[in-house]
Amino acid sequence: MAKAHLTRAMALGAAALLSLGGGWLYMRFIGNDGTSLLDVLRTTLFTLVGFWLVWGGVAGVLGILAPPKRIARGTGRPHGMTAILMPVYNEDAAASFSRVAAMNRSIVSLGLADRFHFAILSDTNRDEVAGEEIVWFEQLLAEPMAEGRVFYRRRERNIGKKAGNIEDFISRSGGAYDYALILDADSLMDGATIAAMAKRLDDDPRLGLLQTVPEVIHAHSLFGRVMQFSAAYLSPYFARGTALMQGEEGPYWGHNAIVRVPAFAASCGLPVLSGKPPHGGHILSHDYVEAALLSRAGWKVEVDPYLGGSYEEGPENLIEYAKRDRRWCQGNLQHRRVLGAPALKVWSRFTFVQGIMAYAASPLWLALLAASILAAALPSKYWWRDNETGIWVLAVAVAIALLLPKFLILARSTLGGRNKGFGGTIRAGLSVIAEIVISTLLAPIMLCFQSKAVIEILLGLDGGWPATNRDEGRVSFSTAFAASWWVTVAGAAVLAISTAFASDLVPWLLPVALPAIGAPLLIAATSHGISSGRKPILFTTTSETAPAPIIIEQQRIFLSWTQQGPALGEPAAAGTAQVHA
């Protein structure tokens, strides 16, 4: 932990120094004709959002510069009993249950069936979907050694959402298990990885939670493939840097992680916040809180960015992403209610602040933009005319903070031969550049969606927990327009006001205003995929060039099931003897 504390101090120091230095330069540039309260406000906003901008880059640079350190992978036969939990909520039952089938086959092939059970925990509230779950559960029972090891139960009352679903299982059945591997409905994990994680808990009695870094797979749309490439090519280095700072007080992202059941049961009872949602009620972003509670109780919470064989799927368009992000925003803002909880580790509190700022930064950027337009509209505030070099220095500094980690990752991957799995160096390089371009175009749109989410929450509007539509891909222009017309209006208003009152600022606002104006077109265009049968040129990942056996097996099972249909009679009703509790 001493090394983690030193790394944290260095990272925080570097981010603070760079952001304060940037704020000092910014004040010098804008205050050449005297410092006003508006100048102080803008400088404060610039420094604050600049810190979080730099902080993200620091984690990436740390991960790039750190020598590869593969944490000892647990080997041998696990001794503890593990329950593999898959919560589902109005999901595609065939897809989710086929993932369970593939993981079960992988574990059975390793001769470890007696160490692992599966439990599908349904919170589905649509009867037609529940009926499909029963049908595909019966199909699942026909899998190798599934009888007596694979269980399904559906809750009548969806209390506490996913966290409540897990808590219900732990309280009712957790005594039968030493460990619980917690998944999402779109999670897929290799049997060898699952076994290694259980063995790690066997070998380290202080380890309370071990988190993997999932790789996104099966993306088809342009939006989805950009996310998939970023998660596979860029994210591992950011995760390594984050792991160095977090040490034994690491993250928990709510899925693809294994927990020690007695520790989880004793430490992770979640409070129900006073008041109504969105400020009160059940905590939506429960995972960060559970990690903090484990750390408070003295358990190690670790992330292993080198442990492969962990996969998930992502949204295929920006609208679905924004729906999920809205829920995360509400959950993260709830964390301000637990910041003062007694005996939490300092790093846990900082993690809460970091999660809050991940969303609060968006309206702060908009506030900085509004203040800059106002300042430019005031007499004698044409600071960029007299300080043209200064504004370019700031622009380049911001670009470096955003882009340097990505190009360093490209350089290291080129030197280390890693690009081979991503289509070669040329294709990997073009993919990085394309990812930067597309992310830059979509960033103003996401900034608007996140700002809207924060404002809605502050106004007391509850976003709830909408079901994830994992199959929703292509979006029509009319659908995109219905979801984002207000972004277009906001972008046009910013451009019109700037043109009328601060024309010198217009060139600097175009990279923000134009993508916002074109939001419906960008959302619709990025939801489209490549033509059927064509091999993608950009955003190739190792899951495509050399797919893991578990990925191939799950696809084969899913296609077999959906093409042939379940080999069953009439579906049974939920609650019959066919449903195991």
Side-chain angles (χ1 to χ4, degrees), residues 1-26 43-44 46-72 206-207 209-211 213 233-253 288 291-292 294-296 298 300-307 332 335 339 344-358 360-361 364 393-394 396-413 415-416:
M1 277 301 294
K3 185 176 181 180
H5 287 306
L6 178 60
T7 305
R8 292 172 191 172
M10 293 174 59
L12 286 168
L17 184 63
L18 290 171
S19 58
L20 288 172
W24 178 76
L25 288 174
Y26 186 76
T43 302
T44 301
F46 181 86
T47 304
L48 184 59
V49 296
F51 175 84
W52 295 106
L53 185 71
V54 173
W55 176 249
V58 167
V61 172
L62 272 177
I64 296 162
L65 298 180
K69 180 183 177 182
R70 190 172 297 277
I71 302 174
R206 287 194 55 235
L207 184 58
L209 186 150
L210 179 60
Q211 174 71 61
V213 180
Y233 194 80
L234 303 174
S235 293
Y237 286 97
F238 286 89
R240 292 173 195 178
T242 301
L244 287 173
M245 288 186 285
Q246 291 172 324
E248 296 177 0
E249 299 166 11
Y252 171 40
W253 298 320
Y288 279 25
L294 280 171
S295 292
R296 183 177 71 173
K300 293 164 62 176
V301 179
E302 295 181 349
V303 58
D304 186 348
Y306 300 97
L307 188 62
N332 281 21
H335 290 165
L339 265 173
L344 291 180
K345 300 288 182 68
V346 173
W347 188 255
S348 296
R349 299 187 200 276
F350 178 78
T351 301
F352 288 148
V353 173
Q354 184 175 268
I356 292 169
M357 285 303 301
L364 291 179
V393 168
L394 282 174
V396 170
V398 171
I400 289 175
L402 290 170
L403 304 182
L404 180 61
K406 296 183 179 182
F407 283 113
L408 287 178
I409 290 171
L410 175 61
R412 177 160 181 175
S413 298
L415 295 175

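Predicted model, so just to flag it, every value in this text is computed and none were measured. As a basis for the values below, the full set of heavy atoms in this structure was taken, side chains included, without hydrogen atoms, waters or symmetry mates.
Closest approach of Pro305 to Val213, counting heavy atoms only: CA-CG2, 3.7 Å. Of all the heavy atoms in Gly56 and Phe238, the pair that sits closest is O-CE2, 3.4 Å. The two atoms that bring Gly50 and Ser19 nearest to each other are C-CB, 4.0 Å, heavy atoms only. Leu62 and Ala11 get closest at one heavy-atom pair: CD1-CB, 4.1 Å. The minimum heavy-atom distance between Ala291 and Val301, with the atom names listed, is O-CG2, 3.9 Å.
Taking the side chain as every heavy atom from C-beta outward, His335 and Thr351 never approach each other to under 4.5 Å. No side-chain heavy atom of Leu6 sits less than 4.5 Å from a side-chain heavy atom of Lys3.
Within the structure, salt bridge (charged side-chain N to carboxylate O under 4.0 Å, His left out) contacts touching residues 12-24 (residues at least two apart or in different chains) do not occur. Pairs engaging residues 243-253 under the salt bridge (charged side-chain N to carboxylate O under 4.0 Å, His left out) rule: Arg8-Glu249, Arg206-Glu248, Glu249-Lys345 [sequence neighbours left out]. Pairs engaging residues 15-25 under the salt bridge (charged side-chain N to carboxylate O under 4.0 Å, His left out) rule: none recorded [sequence neighbours left out].
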Practice problem: Check the pair Leu12 / Phe51 against side-chain contact (heavy atoms from CB on, under 4.5 Å), numbers first and verdict last. | Solution: CA-CA 9 Å; Leu12 286 168; Phe51 175 84; 4.1 Å; yes
Quiz item: Passes side-chain contact (heavy atoms from CB on, under 4.5 Å), Phe46 versus Leu53? Steps please.
Solution: CA-CA 10 Å; Phe46 181 86; Leu53 185 71; over 6 Å; no
Self-check item: Residue pair Val303, Thr242: steps toward the side-chain contact (heavy atoms from CB on, under 4.5 Å) verdict
Solution: CA-CA 9 Å; Val303 58; Thr242 301; 5.8 Å; no
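Under a cutoff of 6.0 Å and an axis angle of 45°, Arg349 and Phe352 do not form a cation-pi pair.
Taken from OG1 in Thr43 to CG in Leu20, the straight-line distance is 11.5 Å, to the nearest 0.5 Å. Atom CE of residue Met10 and atom CG of residue Leu244 lie 10.5 Å apart, to the nearest 0.5 angstrom.
Side chain of Gln211 to backbone of Trp253: a donor-acceptor contact under 3.5 angstrom is found.
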